[in-house]
Amino acid sequence: MQERIAQLRRQLQLAGHHYHVLDEPLIPDAEYDRLFRELQSLESTHPELITADSPTQRVGAQPMAAFSSVAHKVPMLSIHTETDISPEGAIQFDTRVRKVLQLSTDDPPLEYVAELKFDGLAISLIYKDHVLVQACTRGDGQTGEDVTHNIRTIGQIPLRLPDTAPAALEVRGEVYMRRDDFESLNERQRQRIAQGAKHEKTFVNPRNAAAGAVRQLDPKIAAQRPLSFFAYALHFHASPEVTFSAVEATLNGLQAYETHYHVLMCLKAWGFPVSEHCQRVMGSQGLIAYHQQIAHDRDQLPFDIDGVVYKVNHIALQQRLGMVSREPRWAVAHKYPAQEEFTTVQAIEVQVGRTGKLTPVAKLAPVFVGGVTVTNATLHNEDEARRKDVRVGDTVVVRRAGDVIPEVVSVVLEKRTHAGPVFTMPRTCPVCASPAVREDGEADYRCTGGLFCSAQRKQAFLHFAQRRAVEIDALGEKLVDQLVDAGLVHTLPDLYRLTREQLIALDRMAEKSANNLLDSLEKSKQTTLPRFIFGLGIRHVGEATAKDLAKHFGSLDALMDASKEQLLTVNDVGPVVANSLRMFFDQAHHREVVQQLRECGVHWEESAPGARLDLPLSGHTYVITGTLPTLSREQAQALLEQAGAKVAGSVSKKTTALIAGEAAGSKLDKAMALGIPVLDEAGLLALTQSP
Ligand code: IVH
C-alpha cells in the first residue's frame with residue numbers, strides 16, 4: 001500500500017509538471033483524475049500516510065484566522081531602479097559595476113544575465129528533505145507572512161523536488177497572474193455582480209488580483225484564482241549538506257554554483273518554471289539590445305512586466321560587488337513606460353456595439369501609457385462605472401497592458417475638486433434614440449433599434465465584411481463611417497449597388513480606392529453558406545454555429561423556414577440560439593435583405609441537407625487552442641471537419657477532446673477541470689489520417 005501511494009504520487013507529480021510547467025500534458029486528464037482519486041481514497045483510509053508533498057494536499061487546508069509572520073533567513077532585498085529609462089540607461093549600470101570591480105576600458109565586457117521584471121509579488125519557498133515546507137511573502141524584507149496553504153494551490157510550484165536537487169534550499173521568485181486569466185477572472189466577477197452577489201468586486205490589475213489571492217485566508221478561494229510562478233533565485237541556509245565556515249556562510253552556499261545562469265538552469269531542471277526570456281548577454285551593448293527586444297515584445301507577452309532586470313552573471317563577482325543601502329550593487333531594474341498612468345476625464349460617452357450593447361467610455365486628456373497615447377478608456381458597464389464612481393473632471397488611473405482595451409482602473413478621490421453628476425446610463429440609445437433596456441441578470445444595456453440604429457448598422461457592415469464572413473477586403477472602419485454618414489448605404493445590399501461615381505464624390509476618395517472597393521465587393525459575391533450565415537450577424541450565432549446550421553440544413557431557405565423545434569435538433573443549438581434565429585428570420589426586413597443580397601449576385605453552393613454521419617469523426621466535437629507547431633488553426637480545423645468532426649469555440653461537457661498547442665490558456669484549464677482529453681498536433685494528425 002505504501003509503495004502504491006508512493007508510486008501514485010510520483011506519477012501525479014510528473015504528470016503535473018508536464019501539464020503546468022512544460023505545457024505538454026503527458027497523460028490524458030481523465031487518467032490523471034483516476035490516479036488522483038485512487039490516491040485520495042488510499043489516503044482517506046490511511047490518514048497517517050498523508051504527507052505535505054502529496055498532490056492531494058494542494059487544496060484542502062482549513063481557512064486561517066490570520067497569517068503568522070516568518071523571519072527571512074536571508075533578507076529579501078529590493079533592486080535599485082536605473083533612473084535613465086532610455087535603453088542607454090544600461091550603460092550607467094555597466095559603468096558603475098566596472099568601476100567597483102576596478103576594470104579598465106581594455107578589460108573585456110562583463111557577462112550579465114538579463115531577465116524580465118515580473119509584475120507580481122515576491123515569494124520565498126523553503127524546501128526541507130526535498131519537500132515544500134514553507135512559503136512566505138517578502139513583507140518588509142526582514143519578516144514576511146506565512147502563506148504556505150495558498151502557495152501550495154499553485155500547480156506550477158513543485159511540492160516535492162527530485163533527488164538530484166539539494167535536500168534543503170530556499171527558492172525565490174514571483175507569483176503572478178496571466179493577463180488572460182485576469183480578464184476571465186474579472187469577467188466572472190462582473191457576471192457575479194450583475195447577478196446580485198453582494199461582496200464581490202472586480203480586480204484592478206493582475207498584480208493586485210495575484211496579491212489578493214496569495215493573502216486570502218481561505219485556501220479554497222485562493223485555489224480558484226489562477227496563479228502562475230517564475231523562479232529567479234536560490235539560497236542555501238545552514239543544513240546538513242552544506243557545512244559553512246564563517247566566510248562561506250556569507251556566500252550562502254552559492255559558491256557551488258559559479259554563475260547565476262547556472263542557478264537558473266538548475267532551478268529549471270528541478271521542476272521550477274523559469275522564464276524563457278532569461279538571457280546571457282555581453283556588456284552594456286548586450287543589455288541595450290535585450291532592453292530593446294523586450295520593449296518590442298512586451299505587448300505580446302501573456303503577462304505584465306514593468307521592466308527588465310540585469311544581473312552580473314558570476315556569483316564570485318556578485319560577492320565582490322556586495323550591496324549598498326539594502327540594494328545589491330550587482331543587479332539593477334530598468335523600467336519601461338508604466339502600464340498605469342494618471343489623467344483626467346473630459347467626458348463620458350456611450351458607444352453602441354453591433355448587437356446594440358451600450359458601453360460607457362471615458363474620453364481622456366491624452367496620456368502616454370503602456371507605450372501608446374490613450375484617449376479613450378472603457379468603463380465596461382453601468383455597474384462598473386458607478387462602482388468606480390467616475391465623473392467628468394476626475395483624475396483617474398488608466399491602465400493599458402498588452403493589446404487589452406484601455407480601462408479606467410480607479411478615481412483619485414483626493415484630487416476631486418468639484419462634484420460632477422453621478423454617471424447614469426441613458427435610457428435611450430445615444431445614436432438612434434430607440435429605448436435602451438437591461439434584461440434581468442444581464443450586466444449590459446442594449447439599444448433596441450436594431451438596424452434602424454446607424455451605430456449598429458455600421459458595426460453590422462464591418463461584421464459582414466470581415467475576413468471570416470464574406471470578406472470585403474477594402475471595406476474598413478473609416479469607409480463604413482463615410483458611407484453610412486453620407487446616406488449611401490442603409491442595408492447590406494446597398495453595398496453592392498454603390499457606383500464608381502458615388503464613391504469618387506466622397507471626401508478623400510481617389511479613383512484607385514473606389515476601384516479597390518468595387519473590386520473587393522465583386523470578389524466577395526462568391527462565398528459559402530456558413531460565411532454568409534455568420535456574416536448576417538445574428539445574435540448568438542458565431543462562426544461554429546453558422547457552420548453547424550449550414551451543414552444541418554444545407555440551404556438558406558431551409559434554415560430560414562426551420563421551426564424552433566427543428567432548430568433545437570442541431571448540434572449545440574439551445575433555446576437561446578434557436579430563439580435568436582427565429583426572431584431574426586421572423587422580421588420581414590431581414591428576409592428582404594437576404595433576398596436583395598441574392599439579387600445583387602451574392603451566391604454560394606448549397607448542399608443536400610443533413611450532417612454527414614458516415615465519416616470517422618462524425619458526431620464528435622473538438623476545440624483548438626494555443627499555437628500548434630506546424631499547422632495553422634484553419635488547417636487544423638479543416639482536417640477535423642473533413643473527417644466529419646465539428647470544431648467549437650469553447651470547451652464544454654460535450655467536447656470530445658481539446659487540441660492544445662503552445663501557450664494554451666484558460667481553455668486548457670477548463671478541459672482539465674472537466675476531465676476532457678487533451679491532444680497535441682501529433683494526436684490530431686493521428687486522429688484525422690485515414691487508415
Ligand atoms: S531578483 C537582489 N529578479 O522585483 C535581487 N526580482 O525590487 C532580488 N522582481 O520584489 C530580486 N522580477 O519581486 C529579481 N527577474 C527578477 C524579478 C524580480 C521581478 C521583483 C521582486 C522584488 C523586486 C525587487
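Remember, it's 1-based here, ligands and their atoms both numbered in the order they're listed. Position 1 is the first residue of the sequence; numbering continues from there. All values below come from the heavy atoms of this structure, side chains included, with hydrogens, waters and symmetry mates left out.
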Could you verify whether a donor N or O on one side chain and an acceptor N or O on the other, from [X] and [Y], lie under 3.5 Å apart?
| X | Y | answer |
| --- | --- | --- |
| Glu384 | Thr202 | yes |
| Tyr127 | Glu170 | no |
| Asp297 | Gln293 | yes |
| Arg10 | Gln13 | no |

**OP:** Just go through Glu327, Glu174, Lys117, Arg172 and tell me whose heavy atom is the nearest to atom 13 (O) of ligand 1.
**Re:** Glu174
Subject >> Centroid-centroid distance, Phe229 to Tyr176, less than 6.0 Å >> reply: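 No, the ring centres sit 6.0 Å or more apart.
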Original post:
Do Tyr336 and His291 have ring centroids that are under 6.0 Å from one another?
Top reply: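 Between His291 and Tyr336, the centre distance is under 6.0 Å.
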Original post:
For ligand 1, which atoms sit closer than 4.0 Å to a heavy atom of Ser78?
Top reply: 7 (O), 24 (C)
**OP:** Identify, by atom number and element, the atoms of ligand 1 in contact range of Glu115, meaning under 4.0 Å from any of its heavy atoms.
**Re:** 3 (N), 15 (N), 16 (C)
Check this for me - ligand 1, [X], N or O atoms closer than 3.5 angstrom, yes or no?
| X | answer |
| --- | --- |
| Ile79 | yes |
| Arg138 | no |
| Phe118 | yes |
| Lys311 | yes |

**OP:** Quick one: pull up CD in Glu111 and NZ in Lys311 and give me the separation to the nearest 0.5 Å.
**Re:** 14.5 Å
Original post:
Among all protein non-hydrogen atoms, which one is nearest to atom 14 (C) of ligand 1, and what is the separation to 0.1 Å?
Top reply: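 Answer for atom 14 (C) of ligand 1: Tyr232 CE1, 3.4 Å.
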**OP:** Quick one: look at Leu116 and ligand 1, take heavy-atom pairs under 4.0 Å, and tell me if it's side chain, backbone, both or neither.
**Re:**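 The backbone, only.
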**OP:** Give a yes/no verdict on whether any heavy atom in Pro328 is under 4.0 Å from an atom of ligand 1.
**Re:**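 It does; at least one heavy atom falls under 4.0 Å.
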